[in-house]
4 protein chains.
Amino acid sequence: MDKRERLIEIATKLFSERGFENTPLSAVCETANVSKGLISHHFKSKNSLLREIFMKTTKLIVEINKTDKVNQTPQERLLELLESFFSQLEADKLFFQFNLNMMVHPKTREVLNDLIKERSSFILEATKSIFDKLDAKNSLIKSHIFIAELDGIALNYLGIYDDFPLKQIKEHIMKKYINNGN
Amino acid sequence: MDKRERLIEIATKLFSERGFENTPLSAVCETANVSKGLISHHFKSKNSLLREIFMKTTKLIVEINKTDKVNQTPQERLLELLESFFSQLEADKLFFQFNLNMMVHPKTREVLNDLIKERSSFILEATKSIFDKLDAKNSLIKSHIFIAELDGIALNYLGIYDDFPLKQIKEHIMKKYINNGN
Amino acid sequence: MDKRERLIEIATKLFSERGFENTPLSAVCETANVSKGLISHHFKSKNSLLREIFMKTTKLIVEINKTDKVNQTPQERLLELLESFFSQLEADKLFFQFNLNMMVHPKTREVLNDLIKERSSFILEATKSIFDKLDAKNSLIKSHIFIAELDGIALNYLGIYDDFPLKQIKEHIMKKYINNGN
Amino acid sequence: MDKRERLIEIATKLFSERGFENTPLSAVCETANVSKGLISHHFKSKNSLLREIFMKTTKLIVEINKTDKVNQTPQERLLELLESFFSQLEADKLFFQFNLNMMVHPKTREVLNDLIKERSSFILEATKSIFDKLDAKNSLIKSHIFIAELDGIALNYLGIYDDFPLKQIKEHIMKKYINNGN
DNA sequence: CATGAATGAGCTTTCATTCAT
DNA sequence: GATGAATGAAAGCTCATTCAT
């Protein structure tokens with residue numbers, strides 16, 4: 001059992017649930033049944049622990065997008081992307097919670113500034129490469145809107161509306177993007 | 001010069017810029033050139049100050065939506081709503097920053113839970129009442145998507161992409177909603 | 001309605017119930033429905049308010065002991081004193097609570113030092129004058145023990161034993177002192 | 001040098017001398033030459049530190065009473081008890097001061113409520129078991145009076161009369177209880 | 001007399017971080 | 001690798017007191 005890995009996992013979970021600033025390292029240690037000293041032994045500081053977590057999730061995102069989809073049509077790729085977004089959103093709320101938290105909160109945004117830029121460029125590029133193939137016109141704008149729409153759905157689903165009708169919205173969105181890419 | 005009002009204003013600004021938890025009351029006091037004691041004299045606690053601020057912004061939102069638009073067609077209302085959203089978003093970033101912050105962060109969400117529910121119900125209702133008149137079919141889903149889209153745009157504009165092409169996106173969105181209400 | 005008098009009354013009650021240090025002046029003001037400024041207008045400080053209260057209760061004690069008992073035998077006086085002690089103890093717990101509090105707590109003892117000395121000398125004298133008449137031998141010692149016994153009973157009754165058998169103890173004590181003054 | 005133990009010792013001393021509420025933890029730390037953080041490291045809160053101290057003194061009291069006195073007559077036990085009370089009272093004023101303080105002050109009584117009940121039941125039982133053997137009649141009442149008398153003596157000696165004639169009172173009390181158990 | 005805004009000192013508690021073992 | 005004692009800064013909050021009105 002790699003304690004370092006366990007610390008990262010637990011910290012991710014707690015940061016997601018309670019927020020970064022509202023999660024003392026002591027809480028991470030207690031949950032992990034590990035001494036306070038150990039966390040400092042493994043991570044230079046709380047901030048650097050956060051950065052490591054964020055980089056790990058970025059890697060995940062990159063990998064999902066890199067899997068060979070050479071043979072797919074852009075329509076298929078869009079379809080798959082939406083499918084995976086909606087199923088992930090339901091299955092792993094904490095993952096989205098965490099990323100929203102980190103992007104929005106000024107403190108964490110400062111700590112993660114470069115990493116956020118890096119990740120969001122990647123996502124924009126990946127999305128744009130799809131829309132480019134669909135219809136090069138306005139592909140940047142369409143990509144931005146596409147991303148914003150999904151982010152907004154995640155935000156409203158996770159943080160605002162208890163009775164957010166995710167399934168119906170998924171259908172609606174899928175229909176919209178599958179037929180005309182708009 | 002009403003110091004209470006000034007404290008609210010300054011706190012709003014600082015909470016928006018730095019986040020709630022990352023803004024000590026001492027920072028508010030220093031900025032307001034006021035003793036630490038005074039803030040406790042006027043507000044029972046930091047949380048209650050936050051609640052007061054949030055309620056104030058809710059009132060603003062409600063009022064904007066209440067202004068007599070009896071004679072407007074739903075199309076006109078939608079147009080106006082989008083116009084005001086995009087111009088506000090540019091003019092008063094802090095206002096959106098604040099609201100995003102408070103919705104996303106677990107700690108503030110806990111403190112504001114009831115107020116958030118209340119406000120978001122109102123916004124959903126107000127939006128739905130427009131879509132109802134446009135085309136009753138799926139009006140709830142469309143409202144949710146509409147709100148999510150705008151939230152997502154705010155989120156990406158304010159927090160993620162430095163070079164977010166707001167103007168073009170505005171045009172795109174306006175076109176989309178004005179022509180077919182989709 | 002003399003507000004000054006009401007403030008004293010309410011302060012006495014609250015100081016008795018919660019203790020001096022644990023009772024903010026703001027609590028006194030709220031209970032009295034009076035502004036914070038007023039209490040400072042009437043009393044130089046919290047300490048001086050305390051001193052005034054203590055002096056008032058001393059006056060009461062002195063008066064009770066001064067009422068003409070010229071014609072009474074020492075036995076009758078002792079009887080009456082015990083009777084009044086036990087009935088008071090039951091009827092006005094707060095009065096005893098207050099006095100115990102003030103005597104025991106280091107902070108209040110410091111503030112009231114001179115007044116405590118004054119009052120306790122008086123009580124000792126008054127008691128000794130009775131025992132002197134009963135049997136001059138060891139009257140000082142007997143007085144001290146008598147006072148200590150009553151104080152101890154108050155302490156145990158009010159502060160320690162929920163089921164303190166006050167009535168039976170009263171009988172026991174009365175019998176002891178009435179028959180032989182021991 | 002166990003700092004935790006030292007903190008308890010010093011806190012006991014200061015709480016006794018100045019009272020619980022009148023002793024900031026900072027005073028304990030300064031006296032112990034220790035940082036403010038350390039006290040929180042060892043004790044969950046100021047209240048829990050107080051509880052720990054109180055429990056420790058209860059243990060002491062229990063142990064004193066538990067030492068094998070199987071062979072003693074009740075008269076001998078009473079004698080010993082009084083001897084130890086009076087010598088302790090002179091030797092360790094702070095110990096009594098502390099206990100009186102904690103029993104009388106409303107705030108500390110609230111914090112220690114259960115522990116006070118527990119301890120005072122024990123003391124009553126221990127005392128009653130002696131009086132039972134002396135003369136079962138009225139043993140409960142006699143025990144209560146016995147305890148009250150000693151408490152009252154401590155109270156008057158420590159807190160009220162500077163010139164309390166402890167030695168003579170001791171003699172008087174000893175004579176009273178040794179001859180007839182009254 | 002009466003109010004309540006305003007001050008400032010001081011309190012308990014939290015917490016990231018350091019360091020000897 | 002691992003522990004936990006120890007530090008010190010900073011936070012929110014309480015409260016007696018002052019003062020202009």
Side-chain angles (χ1 to χ4, degrees), chain A residues 1-4 7 20-30 32-50, chain B residues 1-4 6-7 20-29 32-50, chain C residues 1-4 7 20-30 32-50, chain D residues 1-4 6-7 20-29 32-50:
Chain A
M1 158 198 29
D2 188 342
K3 286 200 183 174
R4 193 174 194 280
L7 280 171
F20 177 68
E21 293 179 89
N22 208 28
T23 308
L25 288 182
S26 63
V28 179
C29 296
E30 274 164 38
N33 259 329
V34 139
S35 76
K36 248 192 217 167
L38 190 59
I39 211 166
S40 292
H41 182 73
H42 282 302
F43 307 96
K44 215 191 71 195
S45 68
K46 196 186 180 189
N47 282 355
S48 85
L49 168 58
L50 174 63
Chain B
M1 158 201 21
D2 189 342
K3 287 199 182 170
R4 193 177 194 278
R6 232 176 85 219
L7 281 171
F20 177 68
E21 293 180 90
N22 207 30
T23 308
L25 290 181
S26 62
V28 179
C29 295
N33 253 328
V34 140
S35 77
K36 255 203 244 176
L38 189 59
I39 215 162
S40 294
H41 178 65
H42 284 300
F43 308 96
K44 217 189 72 194
S45 68
K46 197 186 179 188
N47 282 357
S48 85
L49 168 57
L50 174 63
Chain C
M1 158 199 27
D2 188 342
K3 287 197 181 174
R4 191 174 196 279
L7 281 170
F20 177 69
E21 292 180 88
N22 208 29
T23 308
L25 287 182
S26 63
V28 179
C29 295
E30 274 164 37
N33 259 327
V34 139
S35 76
K36 248 193 216 167
L38 191 60
I39 212 164
S40 292
H41 182 71
H42 282 302
F43 307 97
K44 215 190 72 195
S45 70
K46 197 186 179 189
N47 282 356
S48 85
L49 167 58
L50 174 63
Chain D
M1 156 201 25
D2 188 342
K3 287 201 183 172
R4 194 176 193 278
R6 232 176 87 219
L7 281 171
F20 177 68
E21 295 180 87
N22 207 29
T23 308
L25 291 180
S26 62
V28 179
C29 296
N33 255 330
V34 140
S35 76
K36 257 201 241 179
L38 188 59
I39 214 163
S40 293
H41 177 68
H42 284 299
F43 308 96
K44 216 190 72 196
S45 68
K46 197 186 179 187
N47 281 356
S48 84
L49 167 58
L50 175 63

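What you see is a predicted model; the values in this text were computed from it and never measured. First the proteins, then the strands, lettered A, B, ... as listed; each starts at 1.
Protein atom CD of A:Glu30 is 10 Å distant from nucleotide atom P of E:dC15, rounded to whole Å. Distance, D:Lys46 NZ to F:dT14 P: 16 Å, rounded to whole Å. Rounded to whole Å, the distance from CG on A:Leu25 to C1' on E:dA16 is 6 Å. In this structure, CD of D:Glu21 is placed 13 Å from C1' of F:dC15, rounded to the nearest angstrom. The interatomic distance linking D:Phe43 (CZ) with F:dG4 (C1') rounds to 15 Å, in whole Å. In this entry the distance linking CG of D:Asn47 with P of E:dT12 reads 10 Å, nearest Å.
Within 4.0 Å of C:Ser48, counting heavy atoms only, lies no atom of the nucleic acid at all.
Side-chain contact between B:Leu25 and B:Leu49 is present, with heavy atoms from C-beta onward closer than 4.5 Å.
Residues passing the side chain to side chain contact (heavy atoms under 4.5 Å, CB included) test with B:Thr23, sequence neighbours excluded: B:Leu14, B:Phe15, B:Arg18, B:Ala27, B:Val28. Evaluation of the salt bridge (charged side-chain N to carboxylate O under 4.0 Å, His left out) rule for B:Arg4 yields B:Glu52 as partners, not counting sequence neighbours. Taking C:Leu38 as the reference, C:Lys3, C:Val34, C:Ser35, C:His41, C:His42 meet the side chain to side chain contact (heavy atoms under 4.5 Å, CB included) condition, with sequence neighbours excluded. Remark: B:Ser45 pairs with B:Asn47, B:Ser48 by the side chain to side chain contact (heavy atoms under 4.5 Å, CB included) rule, at least two apart or across chains.
Summarising the geometry of C:Asn22 relative to D:Glu21, their closest heavy-atom pair is OD1-OE1, 3.3 Å, with the distance given to 0.1 Å. In terms of heavy-atom proximity, B:Ser26 sits nearest to B:Lys36 at CB-CE, 4.3 Å.
For the pair C:Phe20 and B:Ser45, nearest-nucleotide mapping onto DNA chain F gives the more 5' position to B:Ser45. Two residues, D:Thr23 and A:Lys44, neighbour DNA chain E, and the one matched to the more 5' nucleotide by heavy-atom proximity is D:Thr23.
One finds no side-chain N or O of D:Ser26 lying less than 4.0 angstrom from the OP1 or OP2 phosphate oxygen of E:dT12.
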In B/S/- notation (B base, S sugar-phosphate only, - none; protein heavy atoms under 4.0 Å), nucleotides 2-8 of chain E written 5' to 3' is SBBBBBB
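The side chain of C:Ser40 has F:dT18 as its nearest neighbour among E:dA16, E:dC11, F:dT18.
Axis orientation changes by 10° from one end of the helix from E:dA2-F:dT21 to E:dT21-F:dA2 to the other, with each end axis drawn from 5 pairs and the value rounded to 10°.
Comparing the same atom, P, in E:dC1 and in F:dT21 gives a spacing of 23 Å after rounding to whole Å.
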